[in-house]
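Written out below as structure tokens is the structure these notes cover.
Please read these numbers as outputs of a predicted model, since none were measured by experiment.
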2 protein chains.
Amino acid sequence: MNLTIRQLTTFREVLRTGSISEAGRTLGRTQPSVSAMIAGLENEIGFRLFEREHGRLTPTPEAHYFLEEAEAVLSRLTQSTHTLQEISNLKRGRLRVACHPAASGFFMPGVLGQFLQDKPAIKASLMMRSSKVIEELIASQQYDLGFTETPEPRKSIHQQDFDLECLCAMPASDPLAAKSLISTEDLDGANLATLFSEHPTFLQTSAAFKNTGKSFERRFELRTFLPGLQFVKAGLCYLICDLITAFSCNDPLHGTGGIVFRRFSPRISSSVSILTPAHRPASLITQSFSQKLAEDINAMKENVFL
Amino acid sequence: MNLTIRQLTTFREVLRTGSISEAGRTLGRTQPSVSAMIAGLENEIGFRLFEREHGRLTPTPEAHYFLEEAEAVLSRLTQSTHTLQEISNLKRGRLRVACHPAASGFFMPGVLGQFLQDKPAIKASLMMRSSKVIEELIASQQYDLGFTETPEPRKSIHQQDFDLECLCAMPASDPLAAKSLISTEDLDGANLATLFSEHPTFLQTSAAFKNTGKSFERRFELRTFLPGLQFVKAGLCYLICDLITAFSCNDPLHGTGGIVFRRFSPRISSSVSILTPAHRPASLITQSFSQKLAEDINAMKENVFL
DNA sequence: TGTATCCATAGTTTGTTTCTATGGCCAAAG
DNA sequence: CTTTGGCCATAGAAACAAACTATGGATACA
């Protein structure tokens, strides 16, 4: 027995209307077409669904059993098409994001929140992890998208890199706040907070001072930039800080009001990347989110100079 | 979106085997056929199900969602075809039988029991009612099949009549038991039990005695024949009894051992009928049962003369 | 560098579905 | 009593969908 959807819908309509001609009309087909389809259907299932007498149609008792089955299949199918449409419209799916600490406090939640605004049926997870762990989570396909400092390229990871410019953080009351571009000369001998010695931003910063022959005074050594902002706020030091952490100061919860950021010369860069598993196609949701994330990163690069 | 069963099964097989060529092989179709069907399917649902890279196929994350939906629809459909096959094989359905008292004690349960032997999924109901009530239950289509004494024909009832011969009941020890055919002369002046005066068997019996000029001694007047058998057993009377009640004496539960039945001349007939609703097609089960019932009635007519 | 396997495309063939046209039947209306 | 208009079934033609064969490009493996 090899039933088709078309047979089921046709039968349902014939039973509902009680007439082959009428069913043909509502289905937008001709009477002979419907007649033949019902005849073929009866032939396939092995018993009559309608009794033809006096040129009229009377459903057999078996027809009501068949209707139950047809309705069940058709309603399940309708549900499926609805689900598929939701998938197609990005209304349904799963999105697992792993994010390094700098962005996970403010930037990423903001982007993700906006993205999910009109997508109630998306199951999202946002996990904060160190850059190394994030690489593993992406390479092993346990997460759909990672956002970290740019790692060494790997075969199992696809990455999209963004070169971000570091900014110099200082209290709003600081005299240097009057300048729009800070140089090593401005910070000659001043107290600085930096990350640990292996970090690219430290290497670039110390090299900048060395190359310009200025004195580099490292007063604080940090794992991440964020806590350093408190020292800046207290007037204890300056901080050459990555763009995302700087951007996070837009969040009033951070308690970093009263700090301003200025461009720094020479340019210190802190590169971040969007990571996705290389050996598996990204889901539509992931693709869409990845695109929005990239746009928002670029928007941040633009807007910070307003 | 207008999905077909064929698309769903094809997709399922491609995902299962991970290859269009392999799926084509197991489905008994060619590779281009499967390829085109998947392409058409992707086109309809609006997103890719497989990524084609390096000439190989990788399912997208969405494909797994789609598989769930496809499996759900297909399994529901499979269940339906199974149910339909059961209906076709008379393994599933409903059978409501209304039966008059004479047959409902032994004959009808026996026939129905045999009929349902190999039909575990049939829901049956057997109701004992007076002949008048049975007519109404059939005319109003509340029951599928009725078995009663032959009623007046009605438009709303289809009936199949059986002319049954009445037999004379007597104790096995009775001298008349030696004869194979009993006549009014044999019972001249003997005590008889009969039904009430309006019943056709009473009318025929009394007429038989009158026509042959023999004395008709009615000692017991009954509503049904069955209790009369106890009087016969006690040697209190003879009883011209319908065939079905006589047949019921095969049941050891009846406590009617020691009674024998002999043909009677002139022939007294007691006609019974199978009733079905006229304005509604009978279900396959009803048709089948009605046929077996008719066969068993005819078999009873034959076997009683062994 | 063959060789084999994969998938996609193109064009043809096959088979199903739908159409139009027609005929039989019945019931209600003229 | 005949006409009319509704119903359904059948037959043949047209349209469509789905299958096939044949072929080409790409990749992996020997």
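- Between A:R6 and C:dT17, a side-chain N or O to OP1/OP2 separation shorter than 4.0 Å is absent.
- For the pair B:R52 CZ and D:dG24 P, the interatomic distance rounds to 22 Å; values are reported in whole Å.
- With salt bridges taken as basic N to acidic carboxylate O contacts below 4.0 Å, one links B:E86 and B:R92.
- Among the heavy atoms of the strands lying under 4.0 Å from A:T30 is at least one base atom, whether or not backbone atoms are also near.
- For the OP1/OP2 pair of C:dC7 and a distance below 4.0 Å, the side-chain nitrogens and oxygens of B:S19 include at least one atom meeting the criterion.
- A salt bridge links A:E135 to A:K132: at least one charged side-chain nitrogen sits closer than 4.0 Å to a carboxylate oxygen.
- Of the side-chain N and O atoms in A:S35, none sit less than 4.0 angstrom from OP1 or OP2 of D:dC8.
- D:dA9 atom P lies 13 Å from atom CG of A:L41, rounded to whole Å.
- Look at B:E42 and B:R52 and you find a salt bridge, because one of the NZ, NE, NH1 or NH2 atoms lies within 4.0 Å of a carboxylate O, short of that distance.
- Toward the 5' end of DNA chain D, the nearer of the two residues B:V34 and B:Q31, judged by each one's closest nucleotide, is B:V34.
- The distance between atom CG of B:L27 and atom P of D:dA19, rounded to the nearest whole Å, is 10 Å.
- Of the side-chain N and O atoms in B:S33, none sit less than 4.0 angstrom from OP1 or OP2 of D:dA18.
- For the OP1/OP2 pair of D:dA18 and a distance below 4.0 Å, the side-chain nitrogens and oxygens of B:R29 include no atom meeting the criterion.
- Taking atom CD1 of A:I38 as the reference point, atom P of C:dT18 lies 11 Å away to the nearest angstrom.
- The two atoms that bring A:K301 and A:D163 nearest to each other are NZ-O, 3.3 Å, heavy atoms only.
- A straight line from CG of A:N2 to P of C:dT16 spans 11 Å, rounded to a whole angstrom.
- Looking at B:E13 and B:T9, their side chains never come closer than 4.5 Å, going by heavy atoms from C-beta outward.
- Using a 4.0 Å heavy-atom criterion, one finds that A:G28 contacts the sugar-phosphate atoms exclusively.
- Rounded to whole angstrom, the span from the CG atom of A:L57 across to the P atom of D:dC7 amounts to 11 Å.
- A straight line from CG of A:N43 to P of C:dT16 spans 13 Å, rounded to a whole angstrom.
- In this structure, CZ of B:R25 is placed 12 Å from C1' of C:dC7, rounded to the nearest angstrom.
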